[in-house]
Structure formats: structure tokens, C-alpha cells
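Single-structure report; data block below.
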Amino acid sequence: MMKTLHGGLRRLASLRLTLACLALAALIALAGDVGGWPTGTLIAVPFVILFVNLAAAIATHGALRTQAGLFGFHLALACLALLAAIDRLSGLSGHVEVTQGTAFDPTLVEARIGPLHPGSLERVRFVQGRFEIDYAPRLKRRETRSTVYVPDDTGNWHPVIVGDDTPLVVGDYRFYTSFNKGFAPLLSYIAADGTIHSGAVHLPSYPLNFFKQGNVWTIPGTGREVKLWLHVPEPVFVEDAPWRFRIPDDAVLVIMDGAQRYELRPGDTVPLGGGRLRYEELRTWMGYTIDYSPMIPWMLAAAATAALSLAWHAIGKLRRSDWDRATGAEERAHVR
Amino acid sequence: MFADGAWLPIALGLYFAAALSAVIAVWRGRSVSTAMTLLAIALACHTVAIALRWVRLGHGPYVDLFEVLSSNVWSLHLAVLIAALAFPRIRASLAAILPLLQILVIWLLTVPERDTLAPVTYDTVWLPIHVTLGKIFLGCTVVAVGLSIVILIRRHRPEAFSVLPRCRALDELAYRFVLIAFIFETLMLIAGAIWAQDAWGRYWAWDPLETWAFITWLAVAGYLHQRAVWKPSPVLNAILVVGIFTLAFSTFFGTPFISTAPHKGAI
């Protein structure tokens with residue numbers, strides 16, 4: 001029984017299996033880059049096999065255990081493979097747009113979610129405030145300072161500044177500002193029966209898409225679509241000088257209902273689809289990236305241990321023998 | 001004092017002269033000491049050029065192709081000089097590796113030099129750490145490539161580089177340089193992941209540069225393991241080392257400048 005178990009472990013510890021795992025991981029990474037495969041999730045497969053392979057190698061190869069550097073490297077690498085697999089299977093990586101003056105809505109999040117993700121994004125609460133973005137000449141984006149309001153345990157709301165490298169941390173979720181942000185006309189639609197629908201239409205990211213600040217909007221209750229776009233006579237951005245992202249002063253909202261064209265300024269109302277559309281004001285929206293990677297500290301510790309252990313092994317190997325007297329037998333003794 | 005742009009052509013000319021001198025010296029069976037002297041002077045001039053530009057722009061050579069190429073021309077030449085000083089018996093391999101590095105020098109001459117602005121996400125201590133580790137990785141690899149080229153040349157001309165040790169010894173030394181390179185590549189990926197976590201809120205996102213850096217890491221790990229599994233000949237190992245360098249070179253010099261990955265920053 002023990003002999004069979006040992007034989008099985010030795011087969012699992014095969015160096016050829018290690019090479020196969022490395023090749024499979026490379027193929028999956030390549031397929032993700034070239035073919036758009038979901039590398040983040042699929043890579044868990046070779047990582048799990050690699051963990052089993054390395055664990056079996058540690059259990060069966062005496063030489064691996066007697067050389068502290070090699071032992072530490074393989075053990076740490078096995079742990080890293082397992083942690084990376086868990087992280088990818090339970091992780092979340094996504095993005096969301098939040099309109100100024102409104103609350104974060106988890107249903108609007110677009111994300112790649114691991115099958116073991118605990119799914120607690122619903123507990124995240126914050127309200128989007130104003131934001132500032134500085135630009136250097138040639139449209140180079142610099143600092144982003146986005147103010148969000150977060151409730152504490154007593155129900156009071158506190159401002160928090162979020163940036164590209166300063167996250168809003170709620171639970172294990174981290175929200176970072178992204179390059180994605182723009183303008184959002186706030187509209188109210190009073191239907192024929194008196195029902196009022198309010199909402200914001202997010203226009204494409206600005207200034208990246210300054211030339212196409214338009215979108216399609218569906219009239220509530222009718223299914224009819226109208227086109228709308230923001231006409232900005234004087235661009236907000238300055239090509240060759242520093243500038244700060246702001247709402248344009250003289251922007252006009254253009255609505256195209258078939259051949260009928262309306263030009264609206266904040267406060268204007270027009271008849272539309274049997275009801276009335278009121279253009280309340282122009283706001284902004286901010287795009288956030290969201291990340292949930294619970295294993296990060298452990299992965300960092302495992303990766304650092306692996307690198308340092310390998311360094312220890314390498315230093316020992318370099319000290320033990322002269323490179324120009326190395327023989328095949330010597331190599332076999334030092335490498336499993 | 002010359003401006004930074006004036007020092008660079010002097011350095012590049014001296015690199016070329018060093019390469020030519022090394023080839024002629026080995027061809028005639030003489031010492032490569034003149035080549036090493038020229039290389040040291042070239043590196044000194046290049047150091048001044050990079051330092052002046054760094055001070056003028058306020059950021060290191062990380063942003064565009066010119067800066068990345070220039071700093072790598074510097075670091076790769078520095079790596080081969082250090083290796084030649086540390087291992088006197090392999091100095092003649094300069095004649096194998098320096099001509100290869102002149103491809104980078106010629107490429108650098110064709111890239112326009114413009115003033116750059118570093119993205120906000122580059123303002124972190126982890127970037128220079130990440131870049132330095134990467135340069136050590138590539139530097140160790142390029143030394144291994146020099147030894148591997150000698151092995152490959154000897155396959156067709158066994159009498160070539162007669163002052164250098166036998167192929168098996170060169171193969172062993174190349175292996176050790178790749179082993180050290182692997183450690184620094186691992187540390188580079190760790191530092192890069194910490195930087196990415198700071199800069200973009202994720203330690204790994206499989207963007208093209210990350211994907212190809214990971215594939216390069218796997219390739220080096222595969223090379224180290226295959227030596228233990230199959231005990232291949234020095235020639236096969238040399239081919240693999242050249243392959244690894246080609247892969248690493250394509251990853252670090254090609255991918256960042258043909259993709260729109262966040263490593264470039266965004267508007």
C-alpha cells in the first residue's frame with residue numbers, strides 16, 4: 001500500500017510534469033493574449049497541477065529537502081501556485097461608472113468574477129462627489145482627486161479622496177479612479193400619466209472622445225430611442241498648456257427625435273414622446289476600476305520567500321564549485 | 001559642459017569602436033584590453049548623458065522607446081564589462097557579444113530623441129526598483145548569450161575563440177548566469193506587481209507586457225528544469241539561451257511600444 005502510494009507520489013513529482021505545467025501555463029497565457037481567452041481563470045489549472053507536482057517532489061525527493069535553498073524555493077513556489085489559484089478563483093476585477101451626486105450601484109458593475117467569489121459587493125456604499133483632474137500639455141493626465149462620501153457605523157457620511165493610486169477600500173474591495181470619466185446630462189421625463197423618471201446619460205469618456213460626445217436615450221415607457229449629444233462650442237481642454245477637467249460653461253444639449261431637433265440648456269423643457277423632457281443640469285461621471293484579491297499579502301510573502309530561497313541556493317552553488325571544473329555528475333548533485 | 005544630447009553620440013561611437021576592437025583583437029589572437037578601455041570610456045560618457053537628461057526632465061529613462069533603449073544599451077554594455085572584469089578567462093567572449101549589442105546601438109540612432117513627461121503612476125519608488133531588477137536580469141542573460149554564441153560558433157569552427165575555456169565549462173557558466181538572471185527576473189516581477197497594485201489597483205492584469213513577461217519567466221524556468229531532466233548538450237543549451245534572450249528582448253523592447261497597455265499611461 002505504502003509502496004503504491006510512494007510510486008504514485010513519485011510519478012506526480014516528475015520533472016517532466018513540471019515542464020508540462022510550465023508549457024501549459026505559457027500556452028494559456030499566449031491564448032489569452034492572442035485569442036482573448038480568460039487567462040485569469042484558466043491559469044488556475046496549471047497552477048493547481050504545479051502545486052501538486054511540487055508538493056509531491058518535496059515529499060519524495062530527499063535531495064530537495066536536504067538543500068534548504070531549493071527546499072524553500074519549491075515549497076514557496078508550491079504555496080504561491082496554490083494561493084494564485086485561490087486568488088483567481090475567488091477574485092473580482094471590474095469597472096463601474098458613477099454619476100456625480102448619486103450612489104454606487106453594484107448592479108452596474110462589469111466584472112470578471114471568479115467562481116468562488118463570496119459576492120459581497122452589495123455591501124459597498126458610497127456617493128460620488130466632485131472630482132478634479134489636472135492635465136499637463138499634450139493631454140497628459142496627471143493627478144486625479146475624486147471625492148466620495150462613505151458612511152460610518154453611526155450613519156454619518158465622510159469625504160474620502162480617491163485617486164489612481166489612492167484606493168477607496170471597502171471590505172476587501174479596492175476602488176481606483178481610472179482614465180475613464182466624462183459628462184452626464186441629468187434628465188427628468190414627465191410621462192403623459194404624470195409619472196416622473198429621472199436619470200443621467202453618460203456621454204463617452206472626455207477628452208478621449210471629445211469629438212463624439214453623444215449617446216442614445218430611450219424615452220421611458222415607450223421604447224422609442226432618441227439621439228442626444230453635447231455641443232461644446234469651446235473645448236474644455238487646452239492642447240498645449242496645463243488645464244483642469246471641468247464642466248463646460250456654454251454646452252448645449254442637442255436632442256434628435258427623428259427629424260425634430262431640440263437644443264436645450266439647463267432648465268429647458270421640450271415635449272417628447274407624449275410627455276415632457278426637462279434638462280436639469282450637466283454633471284460628471286467617474287469611472288472606477290474595482291479589484292478584489294484577498295490573497296495578495298500571502299502571495300507577496302510566498303513570492304519573496306521563493307526568490308530569496310533561490311538566491312540562497314544559487315549563492316551556495318556558486319561557492320561550492322568552479323564553473324570551469326563542472327561535470328555532469330556535479331550538476332546532477334545540485335539540481336533535482 | 002555639453003548638453004545631454006551631445007554626450008550620447010560620443011558614447012555610441014565608442015561602443016562601436018569597442019566592438020570593432022574586440023573582434024580584431026580576438027581575430028589576431030591578442031588581448032581585448034583596448035576594447036575594455038574603450039567600453040569603460042563609452043559607459044562613462046553614456047552615464048553623463050543619461051544623468052544630465054534625468055536631471056533636466058526630472059525623471060529616469062523609463063517613458064518612451066528612446067529612453068528605454070538608451071538605458072538598456074547602457075546597462076547591457078555595463079553588464080558585459082562587469083562580467084569581463086569578474087571573469088578574466090571569458091574576456092574574449094566580448095568579441096561575440098559586443099557586435100550583437102551594436103544592433104541596439106544602431107537602432108538607438110534611428111529613434112528620435114524627444115523630451116518626455118512621466119505619467120503620475122510612475123512617481124513611485126517601486127518603478128526604479130522594478131526597472132533596475134529587470135536590467136540586471138537582462139544583463140545576466142546577455143552575458144550568457146555571449147558565451148552561448150561562442151559555443152554555437154565553435155560548432156562550425158571548432159578552433160574559434162581558442163583562448164576561451166572548453167564548451168562544457170562555458171555552458172556551465174552560462175547556466176549560472178541564467179540562474180542569477182532567473183532570480184532577478186522573479187524579483188522584477190514581484191516589484192512590478194507591487195508597483196501595478198499601487199498604480200492601477202491590480203497586481204496582475206494579463207496585459208500584453210505582463211503576459212509576455214510571465215511567458216519569459218516560464219521559459220527561463222523551463223530551461224533550468226530541462227537541464228536536470230534531459231542533460232542536453234552545450235549546443236542545445238546555447239540555442240535555448242539565445243532563444244530566451246530573443247523572447248526577453250521581444251517582451252521588453254517590443255510589447256510596451258506596440259500595445260496600449262497601462263504601462264504606457266493613459267489620457
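Here is how names work: the chains are called A, B, and so on, in the same order as the sequence lines, proteins then strands, and each is numbered from 1.
- Of the atoms belonging to A:Phe73, it is side-chain heavy atoms, and not backbone ones, that fall under 4.5 Å from chain B.
- Around CZ of B:Arg56, the count of heavy atoms belonging to other residues, nucleotides or ligands within 6.0 Å exceeds 12.
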Problem - side-chain contact (heavy atoms from CB on, under 4.5 Å) evaluation trace for A:Asp165 with B:Thr124 - result: CA-CA 10 Å; A:Asp165 50 5; B:Thr124 164; over 6 Å; no

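- Only the side chain of A:Leu300 comes within less than 4.5 Å of a heavy atom of chain B; its backbone N, CA, C and O stay farther away.
- Annotation: residues 236-243 of chain A contacts chain B through no residue [non-hydrogen atoms, separation under 4.5 Å].
- For the set B:Leu170, B:Leu173, B:Leu179, B:Thr211, the entry with the most heavy-atom pairs within less than 4.5 Å of chain A is B:Leu173.
- Contact annotation for A:Leu19: only side-chain heavy atoms (C-beta onward) come within less than 4.5 Å of a heavy atom of chain B.
- Between B:Trp204 and A:Asp87, the closest side-chain pair of non-hydrogen atoms is not below 4.5 Å.
- Most heavy-atom pairs under 4.5 Å with chain B, from the set A:Thr166, A:Thr177, A:Ile43: that is A:Ile43.
- Across every non-hydrogen atom of A:Tyr176 and B:Gln197, the tightest pair is OH-O, 3.2 Å.
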Under 3.5 Å, which donor-acceptor pairs do the side chains of residues 187-194 of chain B form with other protein atoms, sequence neighbours left out?
none

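- Of all heavy-atom pairs spanning A:Ala307 and B:Ile183, the tightest one is O-CG2, 4.0 Å.
- Distance CH2/B:Trp206 to CZ/A:Arg112: 11.0 Å, rounded to 0.5 Å.
- Heavy-atom distances place the side chain of A:Leu77, and not its backbone, under 4.5 Å from chain B.
- Only the side chain of A:Ile296 has a heavy atom closer than 4.5 Å to any heavy atom of chain B.
- Contact annotation for B:Phe87: only side-chain heavy atoms (C-beta onward) come within less than 4.5 Å of a heavy atom of chain A.
- Neither the backbone nor the side chain of B:Leu164 comes within less than 4.5 Å of any heavy atom in chain A.
- Within the 4.5 angstrom heavy-atom criterion, only side-chain atoms of B:Trp230, from C-beta onward, approach chain A.
- Around CZ of A:Arg244, the count of heavy atoms belonging to other residues, nucleotides or ligands within 6.0 Å exceeds 12.
- The contact between A:Thr289 and chain B is made entirely by side chain atoms (from C-beta outward), counting heavy-atom distances below 4.5 Å.
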Report, one line per pair, each donor and acceptor closer than 3.5 Å where one atom sits in a side chain of residues 212-224 of chain B; sequence neighbours left out.
residue  : atom : partner  : partner atom : Å
B:Trp212 : NE1  : A:Asp33  : OD2          : 2.8
B:Thr216 : OG1  : B:Trp212 : O            : 2.7
B:Thr216 : OG1  : B:Thr251 : OG1          : 3.1
B:Trp217 : NE1  : B:Thr186 : OG1          : 2.9
B:Tyr223 : OH   : B:Arg227 : NH1          : 3.1

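- Nearest heavy-atom pair, A:Thr18 versus B:His225, reported as atom, atom and distance to 0.1 Å: CG2-NE2, 3.7 Å.
- Contacts classified as salt bridge (charged side-chain N to carboxylate O under 4.0 Å, His left out) and involving residues 288-303 of chain A (residues at least two apart or in different chains) are given here: A:Arg174-A:Asp291.
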